[in-house]
Number of protein chains: 2
Amino acid sequence: MKFTNRQLDIIQAATKLIGEKGIQNLTTKNLAAEIGFSEAALYRHFKNKNVIISSILEYYKDEIKDVMFGIIQDSTTGILKLEKIIEFLFNRFSSNPAIIMIVFAETSFQNDIQLSEQVHSILKQKKMVFEQVILKGQNDGSIRMDIQKEQLATIFMGSLRLTVLRWRLSNMNFDLNKEGDILWSALAKVFIK
Amino acid sequence: MKFTNRQLDIIQAATKLIGEKGIQNLTTKNLAAEIGFSEAALYRHFKNKNVIISSILEYYKDEIKDVMFGIIQDSTTGILKLEKIIEFLFNRFSSNPAIIMIVFAETSFQNDIQLSEQVHSILKQKKMVFEQVILKGQNDGSIRMDIQKEQLATIFMGSLRLTVLRWRLSNMNFDLNKEGDILWSALAKVFIK
DNA sequence: GCTTTATTAGTTAGTATTAACTAACTTTGT
DNA sequence: ACAAAGTTAGTTAATACTAACTAATAAAGC
C-alpha cells in the first residue's frame, strides 16, 4: 500500500483543516491537535510538512483518477462521459468541500517549487484525460470536430473550475449540483455536433 | 485621489513581490527592503498589512475596470468587444505577470474573511460586466441566444482563467498572446450566432 | 519458555527563526 | 515651528522541527 493507516489518518485530518480555513490553517500544531497527539508524533509518520502536503495531493489525485477511469471505461458516447464526469465531480465536491481546497490549490504553493510542479503535473494529467475523452467523442460523432480537443478541454475544465470557485467564495450558499446541471446544459449545446 | 504617491510606491513594490513568489513572499520585511526603507515606515502609510493587500486589490480592480469600460463604450458588436477584451487581458498579463497573482488571488485569502469577501465581490462585478457585454451581443445579433448570458460568461471567464493559470504554472514557457488567439478562435465559434 | 534486544509510536520540553507590529526618538520639508 | 516621514531597537506570538526519553509490542537467541 501507498500509505499506512496512520498516514491516512493524518491525510484525512489535514484535508479537514485545509477545507475549513485554507492551507494556512494547516500547521503542525493544528494538525496534531486534530488527530489528538503531539506535534512531534507527526514526524514519526512523515519526514516533514512538505511531504504531508505532497501526500495529500497524491492521495486525491489517485482517488479522482480511479473514478474518472471507471467512467471512461463505460461504453457510452464521449458526450455522455463528459456529462457523467461533471455530475460525479460536482457531487463529490458538494458532499466533501474540503477536497476542493486541495484539488484547486494551485495558487497556494507558489513559494515551493516542488509542490508547484506537482500541482502542475496533476493539472496536465487531468487535461490529457479530458482531451482523450473529447477525442473519442469526436470520433464517435457525439462531439463537434471544428474545434480542437485542446480548446474544448480548456472550455470544459475552465468553466467547471470557475463554477466551483464561485461556490466556494460564496460560502457554498447555492446548490452546486443544480448549478452543475445548468452549466452542463449549456456546455452540451456547445459541445454537441 | 485614492492613494498618495508613497502608497502607490508600496502597492507597486508589493505587486512585484507577489508576482515573483506569490503572496507568501509579501512580508513586511521584504516589502520594506524592496522600497528601500524600514519596516516601521510602512506603518506611516498603511494601518496594517491587511489594508495594504486590500489596497492592492482595489487598485487593480479600478485599473482593469477603466480599460474594460473603454472597450465596452466602443460601438462595435458584442462579439467584437469580447475579442478586444480577451486581447487586452492576455496582453496585459504577459507584459506584467505580477498582476496575475493579484487578479487570481482568490485562494490565497481563505483565512481572512474580509479579504475573501473583497475578492468575491470583485469576481462578481467582473462577471456582471461580461454578462452585460454578452447580453448586448445577443441583442445586436452577434452572439447566440440559446444559451443564457450567465452560462456564456462562465464559459468565457473560466476558459480564460484556466489558460492563464496554465501559463503561470508552466513558468510562462509558452506565448500567452498566441494561446489567447487560439482560445479566442475556439470561443468565437462557440459564441457566434 | 523465557529473557534479551529492537522497533514502533508516542511523550515533554525545548530550539532557532520569522512574522507583524510598536514605542520612542530623529530628520526633513514647508 | 511643526507635522509628516523616517529610524532603531525592540516585543509578542507563532512556526516547523528536534532532542531525549518511555511504554508497549514484536523478534531473536538460547
Side-chain angles (χ1 to χ4, degrees), chain A residues 1-18 20-57 101-102 105 107-116 118, chain B residues 1-18 20-57 101-102 105 107-116 118:
Chain A
M1 268 187 277
K2 221 169 185 173
F3 298 109
T4 66
N5 285 338
R6 209 61 172 134
Q7 283 178 322
L8 291 173
D9 289 346
I10 295 170
I11 288 170
Q12 200 189 345
T15 304
K16 192 182 164 197
L17 289 174
I18 294 172
E20 279 164 3
K21 291 183 194 171
I23 200 81
Q24 269 124 319
N25 197 40
L26 184 69
T27 62
T28 50
K29 191 182 174 184
N30 290 351
L31 185 51
E34 179 68 34
I35 296 161
F37 64 15
S38 69
E39 278 183 69
L42 287 170
Y43 293 85
R44 295 279 169 222
H45 303 281
F46 287 103
K47 203 197 155 214
N48 57 46
K49 194 184 151 184
N50 265 10
V51 176
I52 296 177
I53 297 174
S54 182
S55 301
I56 300 170
L57 291 172
M101 284 305 298
I102 289 147
T107 42
S108 307
F109 307 128
Q110 247 235 320
N111 57 326
D112 186 291
I113 293 165
Q114 202 228 300
L115 287 177
S116 176
Q118 191 178 347
Chain B
M1 271 187 279
K2 220 168 185 175
F3 299 109
T4 66
N5 285 338
R6 211 58 172 140
Q7 283 178 323
L8 290 173
D9 289 345
I10 294 169
I11 288 171
Q12 198 188 346
T15 304
K16 192 182 166 196
L17 289 174
I18 294 172
E20 279 164 4
K21 292 183 192 169
I23 199 85
Q24 269 122 321
N25 196 40
L26 184 69
T27 62
T28 50
K29 191 182 174 185
N30 290 350
L31 186 51
E34 179 67 35
I35 296 161
F37 63 14
S38 70
E39 277 183 70
L42 288 170
Y43 294 85
R44 297 279 169 221
H45 302 281
F46 287 103
K47 201 196 155 215
N48 58 43
K49 194 184 151 183
N50 266 10
V51 175
I52 296 178
I53 296 173
S54 181
S55 300
I56 300 170
L57 292 172
M101 284 305 298
I102 289 146
T107 43
S108 308
F109 307 126
Q110 247 234 320
N111 58 326
D112 188 291
I113 295 167
Q114 202 227 300
L115 287 177
S116 176
Q118 191 178 349

J.: Which one, dG10(C), dT18(D), dA16(D), comes nearest to the side chain of Ala40(A)?
T.: dT18(D)
J.: Which label fits Phe37(A) and His45(A): parallel for a plane angle under 30°, tilted from 30 to 60°, or perpendicular past 60°?
T.: parallel
J.: Name the nucleic acid region contacted by Leu26(B), choosing base, sugar-phosphate or nothing; use a 4.0 angstrom heavy-atom cut-off, strictly under.
T.: sugar-phosphate
J.: Taking the minimum atom-to-atom distance to the side chain of His45(B), which one of dA20(C), dC17(D), dG6(D) wins?
T.: dG6(D)
J.: Counting only side-chain heavy atoms from C-beta out, which of dC17(D), dA20(C), dT11(C) sits nearest to Ala41(A)?
T.: dT11(C)
J.: Hey, does Tyr43(A) reach any base, or is it just sugar-phosphate, or nothing, if we go heavy atoms under 4.0 Å?
T.: base
J.: In whole Å, what is the span from the CG atom of Leu42(A) to the P atom of dT8(C)?
T.: 18 Å
J.: Provide, to the nearest angstrom, the distance between the CD atom belonging to Gln7(B) and the P atom belonging to dG6(D).
T.: 11 Å
J.: Report the distance from atom CD of Gln24(B) to atom P of dT18(C), rounded to the nearest whole Å.
T.: 15 Å
J.: Give Thr27(A) one of three labels, base, sugar-phosphate or nothing, depending on what nucleic acid heavy atoms sit under 4.0 Å from its own.
T.: sugar-phosphate
J.: Tell me the interatomic distance from Asn30(A), atom CG, to dA16(D), atom C1', rounded to whole angstroms.
T.: 13 Å
J.: Among dA16(D), dA20(C), dT11(C), which is the nearest nucleotide to the side chain of Ser38(A)?
T.: dT11(C)
J.: Rounding to a whole Å, what distance do you find between Asp9(B):CG and dA5(D):P?
T.: 12 Å
J.: So, OP1 or OP2 of dA20(C): does either fall under 4.0 Å of a side-chain N or O from Thr28(B)?
T.: yes
J.: Cut-off 3.5 Å, side chains only: do Ser54(A) and Gln118(A) have a donor facing an acceptor?
T.: yes
J.: Could you give the CD-to-P distance, from Glu39(B) to dA23(C), as a whole number of Å?
T.: 16 Å
J.: From dG10(C), dC17(D), dG6(D), pick the nucleotide closest to the side chain of Arg44(B)?
T.: dG6(D)
J.: Starting from P on dA9(C), measure out to CG on Asn5(A) and report it in whole angstrom.
T.: 10 Å
J.: Specify the separation, in whole Å, of atom CZ of Phe37(B) and atom P of dG6(D).
T.: 6 Å
J.: Enter the distance from Ile56(B):CD1 to Ile10(B):CD1 here, rounded to the nearest 0.5 Å.
T.: 10.0 Å
J.: What's the closest nucleotide to the Lys49(B) side chain, out of dG6(D), dG10(C), dC21(C)?
T.: dC21(C)
J.: Could you check whether any side-chain N or O of Asn25(A) sits under 3.5 Å from a backbone N or O of Leu17(A), counting only pairs where one atom can act as donor and the other as acceptor?
T.: yes
J.: Nearest 0.5 Å please: distance from the CG atom of Leu57(A) over to the CZ atom of Phe109(A).
T.: 5.0 Å
